[in-house]
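Comments concern the structure below.
Below, each value reflects all heavy atoms present in this structure, side chains not excepted, and no hydrogens, waters or symmetry copies.
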Number of protein chains: 2
Amino acid sequence: MMGKLREPLLECSLPAALESMGERWSFLILRAAFNGLHHFEEFQSELGIARNILANRLARLTDHGILQREAMPEDRRKIQYSLTEKGAALLPTMIALRQWGERWETCVPAFPILVDARDRRPIGEVAVHAHDGRVLKKTDLIWALPQDIAADPDQMQAAE
Amino acid sequence: MMGKLREPLLECSLPAALESMGERWSFLILRAAFNGLHHFEEFQSELGIARNILANRLARLTDHGILQREAMPEDRRKIQYSLTEKGAALLPTMIALRQWGERWETCVPAFPILVDARDRRPIGEVAVHAHDGRVLKKTDLIWALPQDIAADPDQMQAAE
DNA sequence: GGTTTTAGGTTGCAACTGGAAACTTATAAA
DNA sequence: TTTATAAGTTTCCAGTTGCAACCTAAAACC
């Protein structure tokens, strides 16, 4: 990830991502949503978060299109919060952070264990992969300008 | 990620991970470190962060073993901050969050582009993979108890 | 149809956290 | 010896968070 070229540190998408997810509780609320929680009181009692902060975060996550709120038809007092496509797209980030915490902070395997529903085998470690599937480390990455990027063989074939 | 079984929402490794990385600026400082920044003034001028907060975050990240600090031998005023192995292990999390921001927030491809140093081709999307490499979505995941986990074929072979 | 219950919030207030700018300390350069 | 510089500290103020108590609109009960 070294080299002369460097990422512009403040115009990139990471600050944009942190705009919606960088506040305290946001990740924990998101995880609760991934775990099937849907209602204000569920979040409140499971997480032990203050009600005003929870209300604030749910509104913020909804504003950012990460959660969607919908009044339940059978009891219109009940609001169901559920992940949007955009919210669900945070799955790899969340699992990556969880795996990191497991490996480097708690140092105990999570319990219960997250497995592939199809074959009930544990999921792999989230990693950065090359186009061909090799796992890449920090030192394997560099920044490149569009013209320095190797062409996709499929595209080359199509162009021939 | 549904089913009767659910993750204990407050004893898991995610809160532990957020303990060190959940504060404002932590991720941006980490990213700057990945981009080869090493010194207080570099972080300060690149990120525009308040000096006291920067000092606080650098100390916190150092305490948590994510960065290490070392006075440079040629100029002992200069402190070099660099990523530890533990800090470098946050690479997949950071790339995942960046890719998410790129896809769902800024909606423009990052520039410059992160490529594999070996073949200069863009890196893949960070995703959750099954043991055999299939990409898993939220609905493909379930929580399992140790006894419900399918055995690893390699281990089975070894046991036979 | 009037009272009660409940989900999902607000409000008020104390404690904590974040930021800008000035100040400090140790080291190095002139 | 003075001056400059890296890396913080300190001060002060504004904004955010957390907790408890209160509010409100929609069901549910009678």
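Here the C1' atom of nucleotide C:dC16 and the CG atom of B:Asn52 are 14 Å apart, to the nearest Å. Rounded to a whole Å, the CG atom of B:Asn56 is 9 Å from the P atom of C:dT17. Taking atom NE2 of residue A:His38 and atom P of nucleotide C:dG8, one finds them 12 Å apart after rounding to whole Å. The CD1-C1' distance, from B:Ile79 to C:dA28, rounds to 14 Å in whole Å. The CD1-P distance, from B:Ile53 to C:dA20, rounds to 9 Å in whole Å. Put simply, CD on A:Glu74 is 17 Å from P on C:dT6, counting in whole angstrom units. Taking atom CD of residue B:Glu23 and atom P of nucleotide C:dC16, one finds them 15 Å apart after rounding to whole Å. Look at NZ on A:Lys78: it is 14 Å from C1' on C:dT5, rounded to the nearest Å.
Side-chain atoms of A:Trp25 and A:Asn56 include no donor-acceptor pair closer than 3.5 Å. In this structure, a donor-acceptor pair under 3.5 Å is present between the side chains of A:Ser20 and B:Glu105.
Within 3.5 Å, a donor on the side chain of A:Arg51 pairs with an acceptor on the base of C:dG9, or the reverse.
For the pair A:Arg134 and A:Asp140, the salt-bridge criterion is not met [side-chain N within less than 4.0 Å of a carboxylate O].
First and last contacting nucleotides of DNA chain D toward chain A (any atom under 4.0 angstrom from a heavy atom, 5' to 3' order): D:dT17 to D:dA27.
Using a 4.0 Å heavy-atom criterion, one finds that A:Tyr81 contacts the sugar-phosphate atoms exclusively. Within the nucleic acid shown, A:Asp75 comes within 4.0 Å of sugar-phosphate atoms alone, with no base atom in reach, counting heavy atoms only.
One finds a side-chain N or O of B:Arg76 lying less than 4.0 angstrom from the OP1 or OP2 phosphate oxygen of C:dT27. Taking only side-chain nitrogens and oxygens, A:Arg69 comes nearer than 4.0 Å to OP1 or OP2 of C:dG9.
Considering every non-hydrogen atom in both A:Ser13 and B:Arg98, the closest pair reads OG-O, 2.9 Å.
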